[in-house]
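Here is the structure we will look at.
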Amino acid sequence: MSAGRTAAPAAGQWVFHDGDFVPAADVRLGPSLQALQYGTGVFEGIRAYATGSGDSHLYRAHDHFTRMIGSARLLRIAIDHDADQLVEISAELLRRNGHSGDAYLRPLAYKTALQPGVPFGVRLQGVSSTLTIVSLPMGRYTSRDGISCGISSWRRIPDSSLPARAKITGAYANNALATDEATAAGYDDAIFLNQAGHVAEASTANLFLVRAGQVATPAQDSDILEGITRDSVISLLRRRAGVEVERRTVLRSELYTADEIFLTGTGCEIVPVTALDGRPVGSGVPGPLTRTVMDAYDRSVRGRDPHDDHGWLTPVHTTPVLL
Ligand code: PMP
């Protein structure tokens, strides 16, 4: 579902790298990069939405950077900027790159090389780190009509091994295995169970289900990334539809008997799941609550909800700076 979306900036684009805005072509990373060898990087995916007037705004950028700073603390990656500064840097990057349409930002903070005198080895202390942010144009890439999913035979990595709560680059090999298995079997995406056999999340999205009028999503102790879109949906459903989402253990069997299932993520936004393991979900078309959520989320990200006082949007005035 999300494959192929990883940010590679086009030639002639700016990136923010190691404290400066530089042309993408000037960034050189060698094969001995520690993050490349051991997966010791953390990242985010942030969307910017066109406002229609030639400008755009970032969606929940502060929350993304707050999460990234938390992920970085886990791996002892030093980030020299706070969340406010990172939002400003991101807005400036979009401005420089002239991304006035829908766009995507990929911040990546990662371990680079052992500091002088530090002995060779897999370690977190005594290793330098850096931050790179790239941006690229990106519109909607998932189906609004529904996708098919398969339950993965790969289990989600447990919190006791490598916390899904942190967006750690190396951990995404787990997600890649699940996506690969699902697409090879003809599905659009995979749904992970955790070690206990309970529902965790999709390959790069959180999961919600509607069953007998109740809306539920796996709780934060189900080995999930605590998605920012998941949080938006919980809040939007409360405010717009008076629906309280249950955050709890979700059983696999509940998925097969659900009336509706949908996935949430920054990249994929809101995606109806209309088939699971070759069975239709509900009546096999996006259900009414899923449609309500899609509409509410669209309005929220595009700043078209007159009652929205969440403060989730950061305006960006996009005037390109020529290289
Ligand atoms: N779970 C995983 C494993 C993800 O990679 C993502 C995408 N970041 C999500 C859930 C959704 O998180 P968010 O809504 O914050 O993008």
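The structure displayed is predicted, hence computed values, not measured ones. Whatever order the structure lists them in is the order used to number ligands and atoms, beginning at 1. Only heavy atoms go into these numbers, but all of them, side chains included; no hydrogens, no water, no symmetry mates.
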Hits for salt bridge (Lys or Arg N to Asp or Glu O under 4.0 Å) against Arg144, two or more places apart or cross-chain, chain-then-number order -> Asp298

Residues 75-85 vs side chain to side chain donor-acceptor pair (under 3.5 Å), sequence neighbours excluded, gives His62-Asp84

Only one of Ile270, Thr229, Thr290, Asp189 passes side-chain contact (heavy atoms from CB on, under 4.5 Å) with Leu263, and that residue is Asp189

Can you find a pair of side-chain heavy atoms, one from Asp277 and one from Tyr187, that are under 4.5 Å apart?
yes

OG of Ser232 to CG of Asp63, rounded to nearest 0.5 Å, is 8.0 Å

Hits for salt bridge (Lys or Arg N to Asp or Glu O under 4.0 Å) against Glu246, two or more places apart or cross-chain, chain-then-number order -> Arg248

Pick out the protein N or O atoms lying less than 3.5 Å from any N or O of ligand 1, and list each pair with its distance.
residue, atom, partner, partner atom, Å
ligand 1, 1 (N), Glu201, OE1, 2.7
ligand 1, 5 (O), Lys167, NZ, 3.2
ligand 1, 5 (O), Tyr172, OH, 2.6
ligand 1, 8 (N), Lys167, NZ, 2.8
ligand 1, 14 (O), Ile228, N, 3.3
ligand 1, 14 (O), Thr229, N, 2.9
ligand 1, 14 (O), Thr229, OG1, 2.6
ligand 1, 15 (O), Arg67, NH1, 2.8
ligand 1, 15 (O), Arg67, NH2, 3.0
ligand 1, 15 (O), Ile228, N, 2.7
ligand 1, 16 (O), Thr266, N, 2.9
ligand 1, 16 (O), Thr266, OG1, 2.6

